[in-house]
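One structure is given below, encoded as structure tokens.
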Amino acid sequence: MEMRILKRERSAWSVMIKRCENPRHKDFPRYGAKGIKVCREWMESFKQFLADMGTAPTQTHWLGRLDVTAGYFPGNCCWTTQPEQERRRAYCRRVVIDSRSMTAAEAERLPGQPTRNSVLRRAARGFPLNVSAARIDSRSTWLTFNGETLPLPEMAKRFGVPRELLWGRLKAGWSLELALNPLRSKGRSQKSTLSPAALPAAQANR
């Protein structure tokens with residue numbers, strides 16, 4: 001085979017071993033330090049690795065694992081694309097939005113959703129992830145809530161929340177519904193203990 005055809009395969013083989021065996025490699029904490037190993041046959045021979053895996057279908061494919069908690073060995077590895085491997089990674093936990101189960105990586109691509117880490121934080125805190133209920137447009141400072149779209153400063157004024165406080169809450173991963181809650185304790189901003197369902201009633205009694 002021509003070397004240009006094998007360049008990607010040899011690179012994948014080399015990086016695989018370094019991730020699992022070299023403590024100085026930047027990815028070692030996520031691989032070797034967590035017990036991810038390369039099988040002996042592949043460790044000792046690029047030729048055997050190539051015989052088991054074959055060549056990458058395209059120059060955009062990379063080496064992935066079907067079970068991201070297991071190591072590199074025949075039967076657990078495949079040539080894959082980046083989106084496919086993202087869905088397999090351990091940190092791509094699943095969330096439910098509008099009755100649809102999806103990974104956090106997929107959720108952040110939906111209109112109005114924040115970053116993947118913010119999606120996971122909101123899910124862990126029990127905040128609603130329903131896109132239609134409260135949407136944050138990350139491309140601007142416009143917010144949409146209950147079908148009404150306003151600039152962030154006007155939305156903050158409408159609900160009696162300081163603009164800086166509202167923006168800080170949203171950046172911290174709060175749902176828009178809770179971020180608009182003006183209730184604070186002793187003059188210091190604190191997260192409300194009100195549930196999302198109870199918030200509209202509390203605001204109505206102001």
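None of the values given here were measured: they were computed from a predicted structure.
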Consider only side-chain heavy atoms of I, L, V, M, F, W and Y, link residues closer than 4.5 Å, and tell whether [X] and [Y] are in one cluster.
X    : Y    : result
F49  : F73  : no
I17  : W79  : yes
W167 : M155 : yes
L6   : M16  : yes

key: Side chain proximity check, K18 to Y31, heavy atoms < 4.5 angstrom   = no
task = Check Q48, E41, M43 against S45 for a side chain to side chain contact (heavy atoms under 4.5 Å, CB included) and give me the one that passes.
result = Q48
ask   = For the side chain to side chain contact (heavy atoms under 4.5 Å, CB included) test, which of R65, K37, M53 pairs with Y72?
value = R65
Verify, without hydrogens or angle tests, whether [X] (side chain) and [Y] (backbone) share a donor-acceptor contact under 3.5 angstrom.
X   : Y   : answer
W13 : W42 : yes
N76 : D67 : yes
R19 : I36 : no

[X] to [Y] - nearest heavy-atom pair and separation:
X    : Y    : result
A156 : L166 : CB-CD2, 3.7 Å
C77  : L63  : CB-CD1, 4.0 Å
C39  : P74  : SG-CD, 3.9 Å
F159 : P182 : O-CB, 3.4 Å
R30  : K34  : O-CD, 4.0 Å
C20  : V38  : SG-CG2, 3.8 Å

Distance from [X] atom [atom1] to [Y] atom [atom2], nearest 0.5 Å?
X   : Y   : atom1 : atom2 : value
Q82 : T60 : CD    : OG1   : 10.0 Å
N22 : D27 : CG    : CG    : 11.0 Å
R10 : L50 : CZ    : CG    : 8.5 Å

task = Test side chain to side chain contact (heavy atoms under 4.5 Å, CB included) on W174 and N181 and set out the steps.
result = CA-CA 11 Å; W174 288 41; N181 179 8; over 6 Å; no
